[in-house]
Amino acid sequence: RIRYGVQRRRGGFLPYFLLYDAVVLVLIAAALAANAAVATARGRPSWLLWCYAYYAKLTWALLSLPYLVFTVPLLGRALHRARPTGYDKEG
């Protein structure tokens, strides 16, 4: 690596994004499990559990907005350092 001048740091900022996503997933799953346990203990209807699941999915989607930065042409390339390949959509 040193001979060819390759960077030693791996992944750019991707590990931080993955850690953020894992923390968000654990928190949302814990909140969903707690809401489901409370709703079941109180005898709430089953459709309410599906509403909780929908809101958990919606919350996860809204909290994944930091990944939107990867779609910015120059900034996205700086974050992940992946180079485009010579392949097209046909393969």
Side-chain angles (χ1 to χ4, degrees):
R1 291 180 170 222
I2 296 171
R3 180 178 177 187
Y4 296 107
V6 177
Q7 292 181 352
R8 300 190 104 182
R9 185 173 175 214
R10 298 180 192 174
F13 289 100
L14 271 178
Y16 302 115
F17 278 98
L18 293 175
L19 179 65
Y20 167 77
D21 199 32
V23 168
V24 166
L25 177 65
V26 167
L27 291 175
I28 290 175
L32 180 61
N35 280 336
V38 169
T40 305
R42 292 184 180 173
R44 302 278 167 91
S46 64
W47 60 266
L48 194 58
L49 297 175
W50 291 106
C51 287
Y52 290 150
Y54 172 76
Y55 289 131
K57 182 180 172 182
L58 179 69
T59 304
W60 192 16
L62 290 174
L63 289 175
S64 67
L65 282 177
Y67 286 100
L68 190 65
V69 77
F70 286 107
T71 61
V72 177
L74 295 176
L75 192 56
R77 187 169 179 171
L79 285 173
H80 57 73
R81 294 185 181 95
R83 304 215 186 279
T85 64
Y87 295 105
D88 59 0
K89 292 181 181 180
E90 306 277 323

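Note that these values count all heavy atoms, side chains included, but never hydrogens, waters or copies made by symmetry.
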Item checked: Result of checking Leu27, Val26, Asp21 against Val23 for side-chain contact (heavy atoms from CB on, under 4.5 Å) ->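 The option that passes is Leu27.
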Notebook entry, point to check: When you measure from the side chain of Tyr20 to the backbone N and O of Leu63, does any donor-acceptor pair fall under 3.5 Å?
Noted result: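 It does hold such a pair.
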Next item on the list: Using a 4.5 Å cut-off on heavy atoms from C-beta on, say whether the side chain of Leu49 contacts that of Tyr52.
Entry: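 Contact flag for Tyr52/Leu49 side chains = yes.
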Item checked: Listed once per pair and sorted, the side-chain hydrogen bond (donor to acceptor under 3.5 Å, both in side chains) pairs that draw on residues 33-46, sequence neighbours left out ->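 Counting only pairs at least two positions apart or across chains, no side-chain hydrogen bond (donor to acceptor under 3.5 Å, both in side chains) contact touches residues 33-46.
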Notebook entry, point to check: Same cluster for Leu62 and Tyr54 if Ile/Leu/Val/Met/Phe/Trp/Tyr side chains link at under 4.5 Å?
Noted result: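 Looking at the clustering, Tyr54 is in the same group as Leu62.
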Checklist line | side-chain contact (heavy atoms from CB on, under 4.5 Å) partners for Ser64, two or more places apart | finding: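 Ser64 satisfies side-chain contact (heavy atoms from CB on, under 4.5 Å) with Tyr67 only.
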Checklist line | Leu32 CG to Thr59 OG1 distance, which is reported to the nearest 0.5 Å | finding: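 The OG1 atom of Thr59 is 10.0 Å from CG of Leu32, to the nearest 0.5 Å.
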